[in-house]
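Naming convention: chains lettered A, B, ... in sequence-line order (proteins, then strands); numbering from 1 in each chain.
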2 protein chains.
Amino acid sequence: MSKADEAGEAGEVLNEPQVGIAGSRVDHVYNRVKEDIFDFRLLPGDRFTESQVADRLKVSRTPVREALYRLEREGYVFVHFRNGWSVRPFDFVMFENLYELRLVLETAAVRKVCDGPDLARIEELKQVWLVPDAEHVSDSLRAAELDEAFHTTIVDAADNPEIARVHNDVIERIRIIRRLDFTQGYRVERTYEEHAKILQALLRRRADAACSLLKAHIEESRAEVRKITIHRLQAARQS
Amino acid sequence: MSKADEAGEAGEVLNEPQVGIAGSRVDHVYNRVKEDIFDFRLLPGDRFTESQVADRLKVSRTPVREALYRLEREGYVFVHFRNGWSVRPFDFVMFENLYELRLVLETAAVRKVCDGPDLARIEELKQVWLVPDAEHVSDSLRAAELDEAFHTTIVDAADNPEIARVHNDVIERIRIIRRLDFTQGYRVERTYEEHAKILQALLRRRADAACSLLKAHIEESRAEVRKITIHRLQAARQS
DNA sequence: GTAGACAAACATGTATGCAAGAGGATGGAG
DNA sequence: CTCCATCCTCTTGCATACATGTTTGTCTAC
């Protein structure tokens, strides 16, 4: 997250704690490696060692190991017993399954929200999604954030932190391909339309309608993402 | 050769590897601490240090740290910055939420199985659950395992490893209170009846009926477990 | 040229040493 | 007695040293 501190002092011999305000070294390594995976600096299937990461990030192997085991638990890398690490290969079946899980969670949330008494947290979404086309966000990265926020807000409104946590993990894991969709900008306008329809169904407490729309929305997004991912991955392999 | 010779000749008892056949020390520590939590040798809210665990299990702090951070990610313990560790306090709201999440996942699995073409993996359940009362398992721990297997098998039959993994995590996290239910033996017979009914609905592909039965089954189990847990926890606190 | 033995390089797993910070104990001032 | 500053202990965070096992390249026998 903090790219500034890498350019700092270089040459202390012994321990250089100096951590100060920044987060722990483990967090730093975790974020950096994750970014490397998401930005395709580490390609699916690539092998690497703890020492390589430690040298590059100027820390010892100890925090590197903790960060890598965390990433392993989250499904981003594999550890090979006494034989290095590797980035988890792209597994489209896994992404299909994650999309299905996501749909299950969001559908459950929609039904719970429609049955529940409080639409207050849903009302806030109107300010973003029920507006004229002219006011749509043009920055595609910002649009991707808004898209995630839409789905996350619905799940949060269902008022179950455990479901929200799992949903967050799923969203995070498919972000590696979702971001490609939005950086291309293909589906930004469609997303606005579909979200608006879902929102209207939600506000009218039409659970069945909202679920059907949600399902179609996620299915289309998934199909689009898959196409783009294959294309992008080939490009990354060639360079 | 050089380093080994020097260390050996000096005769100090430095490292004592001796790991032999057993798994890694991290796994060992992980399992032991988790058992301590599940068996209430470590009570919710108890504080402890890495050194205490390391001394007791005769290992160094390094594998202890990795095991504890793993338990922390899984939600069993808290780490207090430079100030020790503690067992996560009992949070009944969290358990309610986990039961709800579990119901969402299992319901989705039931619907997918009913819609799908393959009931083969469900058929196997008949051998356990559609038998006369006389043949029911009397060992309560074994009964608890069978109960978990019933639910897990249904989710597995839905053929989505990501959903299965999350479901597994949820089952594991609520096992700490579920086991109390079965060791008391209160609900063993009821469980047989309810599972048999759910199974029959499943085999007839009556998704709605199966889901209602499943919901009632889980709700009853949850309510019973909650009562017993409070009671048991008070007993553990007094001793 | 090929197969097998063997050793060196290298990877992770584990133990240990050191530094910084959190929190309680202590002691003096009011 | 109470309050506050200070110190000291204890605990984690990180770096480093060492042990063990895997891979790989080479040398030799055939």
[N] OP1/OP2 closer than 4.0 Å to side-chain N/O of [X]:
| X | N | value |
| --- | --- | --- |
| A/Ser60 | D/dA15 | yes |
| A/Asn83 | D/dT22 | no |
| A/Arg65 | C/dT12 | no |

Steps toward salt bridge (Lys or Arg N to Asp or Glu O under 4.0 Å) verdict (A/Glu96, A/Arg222): CA-CA 8 Å; A/Glu96 305 277 330; A/Arg222 183 185 54 70; 2.9 Å; yes
Integer-rounded Å distance: [N] [atom2] and [X] [atom1]:
| X | N | atom1 | atom2 | result |
| --- | --- | --- | --- | --- |
| A/Arg47 | C/dT12 | CZ | P | 9 Å |
| A/Tyr69 | C/dA11 | OH | C1' | 11 Å |
| B/Phe48 | D/dT11 | CZ | P | 13 Å |
| B/Glu50 | D/dC10 | CD | P | 16 Å |
| A/Phe81 | D/dG21 | CZ | C1' | 7 Å |
| B/Arg25 | D/dG21 | CZ | P | 11 Å |
| B/Arg61 | C/dG13 | CZ | P | 18 Å |
| B/Leu57 | C/dT14 | CG | P | 13 Å |

B/Asp27 backbone acceptor or donor facing B/Asn31 side chain under 3.5 Å: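 Judged by distance alone, yes, a pair lies under 3.5 Å.
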Check: A/Asn97 side chain, A/Val93 main-chain N or O, donor-acceptor pair, under 3.5 Å: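 Side chain of A/Asn97 to backbone of A/Val93: a pair is present.
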Closest listed nucleotide, where the reference is the side chain of A/Val59 and the choices are D/dC14, D/dT11, D/dA15: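 Among D/dC14, D/dT11, D/dA15, the one nearest the side chain of A/Val59 is D/dA15.
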Whether A/Tyr76 and A/Phe38 hold their rings parallel, tilted or perpendicular, with breakpoints at 30° and 60°: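 Tilted: the ring planes of A/Tyr76 and A/Phe38 meet at 30° to 60°.
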Sugar-phosphate, base or nothing in reach of B/Thr62, heavy atoms under 4.0 Å: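 If one applies the 4.0 Å heavy-atom cut-off, B/Thr62 turns out to touch a base.
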N/O donor-acceptor pair, side chain A/Arg82 with base D/dT22, under 3.5 angstrom: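 Side chain to base: no pair below 3.5 Å.
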Donor-acceptor side-chain pairing of B/Asp147 and B/His195 below 3.5 angstrom: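 Yes, because at least one side-chain N or O of B/Asp147 sits under 3.5 Å from a partner of the opposite role on B/His195.
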